[in-house]
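For reference, the structure is listed below as structure tokens.
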Amino acid sequence: MILFIDDERRYMATYVEELKDADYDVEVHTNVDKAYAFFQERADEVELIILDIMMSPGTTFRDEDTEKGLRTGVPFYERVRERAPDLPVIILTNASDADLIEKFSGEDQCWYRQKKDFMPFEIAQEVKRILPRS
Amino acid sequence: MTDAVLESDLIEVFDSLSQIPLTYEVKELALKRITELGRQALSSHACTLVFVDLDNRTLTQAACSGFDQKFEEYMSGKSLKLGEPHEGEFIDFNLIRQGKLVEKYDLPSGFNGIANPDTARRYGLYAGLCCPLKSDGRVIGFFNHFSSNPEPFSDHERRLLEIFARQAVLVLDRFEHHQARGRSSGVFKELSQSLLSVPEHEFLEQVPVKACELLCVPVCVVWKLDAQRERLKIVAMHGVDQEYQGTAELDVNEPSLQHLSSRGARSLLDVTAPNPGHYAHPEEAKRRGWVSLLTAPMFDDDNRLIGMLDVYTHAKRYFKEWEKELFETFANNAATSIQKAELLRRSEENLRLGRLNEITQEMTEAQSVSDLLELTLQRGLELVGAACGWVSRFNPTTGELNIVAHRGDLSLTSPLTLGKGITGGALQLQVAIKADDVRAPQWQSVYEEFWPDTRSELAIPILVSNAQIRVEREIMSGTKPIGVLNVESAKPCAFSKADEDILSSLARQAAVIIDKLEVDKKFADLRKIEREIAGKRDWDETIQIVLRAITNTLGYEYVNISLVDEELRRIRTRYVVGIPRKEVEGFKRMADHALDSDDIQAHIVRSKEIEVPGVEDKRFDSKVYKRYGHERLIRVFIPMIVASDNRVIGTVEAGYKRSFRKYIYERDVQILRGFMNYAVRALEQSKRGLLPKITHEFTAPIVGIRNNASYLRQHFEHIDPERGELKLDDILTDCEILLQKVGELEHLLGRSAAPVSRRDMTLVYRDIIIKTVNQLKPLVAERGFDVSMIKYQPWDMQRIKLYVDKAKLNSVVYNLLINSIKYAEDDPEEFKINISGGASGDGYVIKFQDWGIGINKPYEERIFEDGFRAPEAVSRFVTGSGLGLTIARKAMREMGGDLRLAKNHKPTQFDLSLPKNLKEVPYDPLHR
């Protein structure tokens, strides 16, 4: 299962559609609290996470330094890593800050992808590469 | 008359007489022995020795040798008045004054001029032969030879008496000289011992005491030459009140001091005599009861005049030559000793100055103010050899002096405060205070006991002198109080002027280094804060950090940041610290002035200069000034200037209460100015930080359009038409969003469209409302809401027909509706938007109501500010420029209408008002 977390439903729709067309089971969440709760509960079923960075921090990340939500994806990623150090994560975002690129470039099993550089079908291809279907 | 004495016996008598100065130490016994020897030489019934004071007409019976003890006791130590025969006195003044040998017989029978007849009768004194005692030709007394029989005195007796009397005078003179010499050796020895054992000022104080002791005089004054000014100043004295020291000063060129050009003592018998050539201040001498003067110049080894010694008597005194010589010797000795004392002091001072230099080096290595103050105390005690002391730090907010380091058992009973006690006094008066004996009456009302054994105390203010201060627009010089260094001793007079000087120097060094350490710390702290600011993208958050820095780091008690509203041409207080929280809003309402007014802040905006206005400055708003007690404050006003275009965006006003601080220091002003420059840059950047947000908001719909197009391209041949239609709707919506973003970008770049650009006849309902709702359908669907819950009353609105800039009005409506959708509650059941409208007065009002999260009261006005986003909005949607409502209201005003928030919660209602005849409506920013 792919867990897709992005608070802009309309803009994630084409990505989801391409992934579903590629026969992936996609669990979509636009609310970080619900997304995190889902991951906590069903982490074992999640094969890959596609994660946005700029999202409302919700109650889960209210007390973390998210820069008023502009970096909510960062602490979310850290929590994922605590639980699942080897889980593949694609950071899919419009943010292009150098510090973010630097941070995620150094991570294992993590791919930083800017939305402007990837068509939805290309993201589907990227997922296929990471999670090859037998 | 008497039996002749053998010559051999006479020789023995005169030998004995000459031995008296060497064998007698007590004057009374010496005098008694003289009379005994006289009686022996003259075979007298009785011999007496009297001293006379012709000036005061008195006679003192100094010694007597007679036939029985009762007579001797009766005759010794008596003082008698000298009188005229008619005055009833027994001793004839005129007879005595002549200074000749007097020979009288039949003494008991009546007035005889030399003896009381009753006494003569009682003690069998029949005849008297009285020989004057003369010294330097002046009658000082008589030696009297009394006989008990009526036989006349022989010539032999007369000659013998005269010889004996002359010899007695010499013996007396030698006795006194010998005595004085004996005293002088003791005096000189004590002086040289003092020279090595006591500080210079104490040594100097001993010089006049010893001079008085040496010459048996009551008053001595030691003068020291100020060679540059050619004036003599008193440096020590004995027997004179302190007032004299402060007032007396002599010009060495005045006639009465001509004698100073050569060595040798000079005497004046009566300084009160009106003879200006001989004495400078006869009236002053008269007032003090001074009569005779003996004065001697003091020269250094190179024969240069260094000072003068004066001794005075309260009665006329004829100083003998040997007394003058002795005094001259004393003056020379004193001069040498004073020179030595100076040399010793200088060498000691040199040693101490060397040590002070080492200490200064050590001080520069101190890492903190507390370390430095501890070091100041430690080294201060070392320099003056004291064991007890403390160093206190001045708190300019409370006026208290807090002890930060101490030595000795300190028992604090009350806090030290500025102006109170010796410590507080030293800091307030900004001078060192030296209490030689804290138990003396002058200190009783001042001294506060911190150490029970204290007798003397020295309080040295730690001050930065010549600190630059700002007064109005000028830079001037002032002092900056830091604290006080106190040293104490259980001994009275433990500290000298030199101690005061060396500790003052130490304190000055400490003050300079402390000031530097504090400035360095402020800079270091501000650098950290600047880094913190650099990471912030939010205006409000940035400004809160700035306020904290100005108060906590820079120590200002009052801060007011006022911002320019260019649209309304006003300057308004936006942030204020230092007044009660409940008064903040009232203050803000009052502190709101037109930019072209005479108000101080408007003036600062126009002049772009930093100022510390005086208390009476007429540019202060008198209502605000009185209401908020601003007369108690001293403040600096700094313009907030954007460096890139020299535009003033506001003013920062920072200050503190005048109670304990007199100045605003220029260095602090420059630190604050530098920090505010940084803060202004950061604030502008946080505004410009909107650009990345807007960039993101451009990216999102563009990527959305591109993704939808890509999807359509990928699946073009077998896409479900319904899905394809949705994709196309999405594309249209994103295009509309992009157009809105272009408007925001133009606003941000200051390139707004012309106030009235293109006007068409517009049916508001059909051309604006319905069109916008259709455009927003995908967004409504995205949130899972039912678009039919957007309700409007077309019957009224259909009638609204305006000649208007359609695109501009469309953008306003779009902004209002998109906000209603974005900030709707999550529950689809609660989603509802009502749009209604109709005529109102001379125009139309269209009302937009929604039941979303609403706008909290404190943010009602701020939602129209550039870039402002309420916390609730941010928590829901991270992105967003916060420009939408600003642009919408501006657009409405440009069209001659307005936009206002009518209700803030359930429903949230915005009223959009438009005049009926939208012709060329001039844009008036003050219209609200």
Side-chain angles (χ1 to χ4, degrees), chain A residues 5-22 28 30-34 52-74 76 92-100 113-125, chain B residues 532 535-538 540-541 686 689 692-715 718-720 723 726-727 729-731 733-734 737 776-784 821-822 826 869-880 882:
Chain A
I5 308 157
D6 190 329
D7 63 347
E8 292 177 304
R9 183 184 292 273
R10 203 162 57 82
Y11 291 132
M12 71 201 291
T14 46
Y15 296 103
V16 174
E17 284 164 344
E18 289 288 10
L19 288 168
K20 283 186 174 171
D21 288 349
V28 174
T30 56
N31 178 302
V32 289
D33 294 328
K34 288 178 182 167
D52 190 14
I53 292 294
M54 294 190 278
M55 297 180 287
S56 164
T59 50
T60 311
F61 301 102
R62 191 175 48 199
D63 299 327
E64 307 240 6
D65 183 16
T66 64
E67 294 187 22
K68 291 194 173 175
L70 293 171
R71 293 284 185 276
T72 302
V74 176
F76 198 113
L92 186 63
T93 178
N94 280 322
S96 56
D97 303 48
D99 61 324
L100 286 172
R113 299 292 180 248
Q114 289 184 55
K115 287 177 182 173
K116 67 184 173 64
D117 297 336
F118 288 83
M119 299 285 192
F121 72 91
E122 290 173 313
I123 290 296
Q125 286 169 357
Chain B
E532 191 185 347
K536 298 295 170 195
R537 289 175 168 77
D538 181 87
D540 255 346
E541 214 174 323
S686 79
K693 280 187 182 176
I694 290 176
T695 307
H696 171 262
E697 292 196 17
F698 271 99
T699 311
I702 290 169
V703 169
I705 292 166
R706 199 256 337 250
N707 287 355
N708 279 316
S710 163
Y711 189 87
L712 289 171
R713 179 75 185 78
Q714 290 284 322
H715 307 277
H718 33 258
I719 193 168
D720 173 15
R723 183 184 269 197
L726 283 173
K727 294 286 173 200
D729 279 348
D730 262 353
I731 289 170
T733 299
D734 282 333
I737 289 170
L776 290 171
K777 270 183 185 169
L779 293 176
V780 178
E782 180 192 7
R783 295 218 56 196
I821 296 163
K822 277 168 80 176
D826 287 335
R869 296 188 72 217
E872 299 76 26
V874 176
S875 70
R876 284 189 163 247
F877 291 96
V878 170
T879 55

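Values below: all heavy atoms of this structure, side chains included; hydrogens, waters and symmetry mates excluded. Predicted model, so just to flag it, every value in this text is computed and none were measured. The sequence lines fix the lettering, A, B, ..., with proteins before strands; numbering per chain opens at 1.
Between A:Asp21 and B:Gln714, every side-chain heavy-atom pair lies at or beyond the 4.5 Å cut-off. Side chains of B:Asp730 and A:Arg10 form a contact here, defined as non-hydrogen atoms less than 4.5 Å apart. A 4.5 Å side-chain heavy-atom check between A:Phe121 and B:Ser710 finds at least one atom pair inside the cut-off.
Minimum interatomic distance between B:Val703 and A:Lys116 (heavy atoms only, all atoms of both residues): CG2-CA, 3.8 Å. Residues B:Arg706 and A:Met119 come closest through the heavy atom pair CD-SD, 3.1 Å.
Residue contact with chain A, scored on non-hydrogen atoms closer than 4.5 Å, is absent for B:Arg783.
Remark: A:Glu8 CD to B:Leu779 CG distance equals 10.5 Å, nearest 0.5 Å.
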For a quick test of your reading: what N or O donor-acceptor pairs under 3.5 Å do the side chains of residues 11-18 of chain A make, sequence neighbours left out?
residue : atom : partner  : partner atom : Å
A:Tyr11 : OH   : B:Asp734 : OD1          : 2.6
A:Tyr15 : OH   : B:Asn707 : ND2          : 3.0
A:Glu17 : OE1  : B:Lys727 : NZ           : 2.6
A:Glu18 : OE1  : B:His715 : NE2          : 3.4
A:Glu18 : OE2  : B:His715 : NE2          : 3.4

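Residue-environment remark: CZ (A:Arg113) exceeds the threshold of 12 foreign heavy atoms within 6.0 Å.
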